[in-house]
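Only this structure's heavy atoms are used, side chains among them; waters, hydrogens and symmetry mates stay out. Atoms within a ligand are numbered from 1 in the order they appear, just like the ligands themselves. Keep in mind that this is a model prediction, so the values were computed, not measured.
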Amino acid sequence: MLRLGINIDHVATLREARYRGRGHGEPDPVEAARLCEAAGCHGITAHLREDRRHIQDRDVKRLREVVTTRLNLEMANVPEIIAIALSLKPDIVCLVPERREEVTTEGGLNVAGHLEAITETRRRMNDAGIETSLFIAPDLTQVEAAVQTGTQFVELHTGQFAEHFLDPSARDEELERLAAAARAAHQAGLRVNAGHGLNYQNLPFLRRVPHLVELNIGHSIISRAVLTGLTEAVKEMLLLMEEYQGG
Ligand code: PXP
């Protein structure tokens, strides 16, 4: 069965828009994680960025206490965040690029260009009992480099597929690249995840990509939740306003 990891960063983005620097505020990404798990997802993903744009240190600490499925920490391969990950002990970390020089033209991590540093982090995480994943473009050079690092997982970047979704020939080309990368990674013994830009329209097309274990999806689910939850939110506020006696 294909597993669903939900990326809750966008919940924190919404909170930070109003409450940046305040140490509290709504919506709470940890509460969101609880609801996602109760709804049946298989994992929670959060990206603790160096610039702390959305998820904060306190969020990942509380997520580690609360998440009962699997906690996937997305992170740049930098000393500060490596130290946090080693003490937090998520179930898995996914190394992602945050700086321009770490990114391939298609947006994945340039594993081939940073083989030694990534292998070292892979080893330190595994020694601490944490699995690793590398977020890479569906590019055979990057798959081969990922194999050399000894990582357990790769996450194939579906951004180009999502971007070209409305153009059938470009879409099919991207699906073919994803399928080829998934086959190569699987043959080499890696487990294969995928994510970025997946939504309710493009998801069914991923049937053409073999060997997928887990999809990491954030934006489309959180966006859908804003609209599907709006009716209830308005009704609750109207109910509170009914108690007003001053008019
Ligand atoms: N996978 C990785 C590695 C990501 O960095 C992200 C967030 O950009 C996602 C998956 C989820 O992408 P989206 O929010 O577009 O679903």
Side-chain angles (χ1 to χ4, degrees), residues 2-16 27 29 32-33 36 41-55 59-60 63 69-78 81 85 90-100 102-104 106-111 118 121-122 125 130-139 142-143 146 151-165 174 178 181-182 185 190-206 209 212-226:
L2 192 52
R3 299 162 63 84
L4 172 62
I6 301 186
N7 181 317
I8 53 161
D9 295 348
H10 293 291
V11 178
T13 299
L14 193 53
R15 177 192 63 195
E16 297 300 302
C36 291
C41 79
H42 306 94
I44 297 295
T45 296
H47 183 177
L48 185 66
R49 291 180 56 96
E50 280 186 278
D51 63 12
R52 307 303 199 270
R53 183 183 296 175
H54 37 56
I55 292 289
D59 294 324
V60 293
L63 283 168
T69 53
R70 260 163 80 81
L71 179 60
N72 172 22
L73 183 71
E74 284 180 9
M75 54 178 273
N77 190 23
V78 295
I81 309 289
D91 298 281
I92 180 167
V93 297
C94 181
L95 298 184
V96 300
E98 280 182 27
R99 295 180 184 178
R100 201 172 282 182
E102 300 167 327
V103 189
T104 61
E106 294 133 279
L109 186 66
N110 185 4
V111 182
I118 290 171
T121 301
R122 191 282 303 159
M125 292 299 159
I130 303 165
E131 290 190 300
T132 60
S133 180
L134 306 177
F135 184 49
I136 58 170
D139 172 331
Q142 298 300 333
V143 172
T151 189
Q152 290 76 54
F153 286 84
V154 284
E155 178 171 330
L156 297 179
H157 193 322
T158 50
Q160 291 289 327
F161 155 69
E163 197 65 31
H164 292 105
F165 180 66
E174 289 304 325
L178 286 163
L190 299 187
R191 281 171 281 165
V192 185
N193 296 338
H196 197 93
L198 298 178
N199 61 32
Y200 296 83
Q201 288 74 45
N202 62 31
L203 189 108
F205 285 79
L206 284 187
V209 181
L212 294 177
V213 175
E214 181 167 302
L215 302 179
N216 276 309
I217 306 181
H219 187 268
S220 61
I221 292 176
I222 304 305
S223 303
R224 170 81 44 124
V226 170

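- The ligand atoms of ligand 1 that sit less than 4.0 angstrom from a heavy atom of His10 are 14 (O).
- We find the CZ-CD1 distance between Arg122 and Ile130 to be 12.5 Å, quoted to the nearest 0.5 Å.
- Below 4.0 Å from some heavy atom of Ile217 lie the following atoms of ligand 1, by number and element: 16 (O).
- For the residue pair Thr151 and Leu190, the shortest heavy atom distance occurs at O-CD2, 3.0 Å.
- At a threshold of 4.0 Å, the pair Glu50-Arg99 counts as salt-bridged, since one of the basic side-chain nitrogens sits closer than that to a carboxylate oxygen.
- Annotation for ligand 1: atoms under 4.0 Å from non-hydrogen atoms of Gly197 are 12 (O), 13 (P), 15 (O), 16 (O).
- Selection from Glu74, Glu155, Glu98 by nearest heavy atom to atom 4 (C) of ligand 1 gives Glu74.
- No heavy atom of His157 sits closer than 4.0 Å to any atom of ligand 1.
- When only non-hydrogen protein atoms are considered, atom 12 (O) of ligand 1 lies nearest to His196 CA, 3.4 Å.
- The atoms of ligand 1 that sit less than 4.0 Å from any heavy atom of Asn216 are 10 (C), 11 (C).
- Legend: residues meeting salt bridge (Lys or Arg N to Asp or Glu O under 4.0 Å) with Asp139, ordered by chain and number and at least two apart, are absent.
- In this structure, Ser220 does not count as a contact residue of ligand 1, since none of its heavy atoms falls inside 4.0 Å of the ligand.
- For atom 7 (C) of ligand 1, the nearest non-hydrogen atom of the protein is Asn7 ND2, 3.6 Å.
- Counting the atoms of ligand 1 from 1 in the order shown, those under 4.0 Å from a heavy atom of His219 are 13 (P), 14 (O), 16 (O).
- Within the model, atoms CD of Glu74 and CD1 of Ile92 stand 10.5 Å from one another, a figure rounded to the nearest 0.5 Å.
- With no hydrogens or angles considered, no side-chain donor-acceptor pair links Glu102 and Asn77 at under 3.5 Å.
- Under a 4.0 Å heavy-atom criterion, His47 is not in contact with ligand 1.
- The ring-ring contact (aromatic ring centres under 6.0 Å, His included) test applied to His157 returns Phe135, His196, not counting sequence neighbours.
- Here the CE atom belonging to Met75 is positioned 6.5 Å from the OG1 atom belonging to Thr121, to the nearest 0.5 angstrom.
- Protein heavy atom closest to atom 16 (O) of ligand 1, with residue, atom name and distance, is Gly218 N, 2.8 Å.
- With ligand atoms numbered from 1 in the order given, ligand 1 contributes 3 (C) to contacts under 4.0 Å with heavy atoms of Val96.
- Looking only at atom types and distance, the side chain of Asn7 has no donor-acceptor partner in the side chain of Thr45 under 3.5 Å away.
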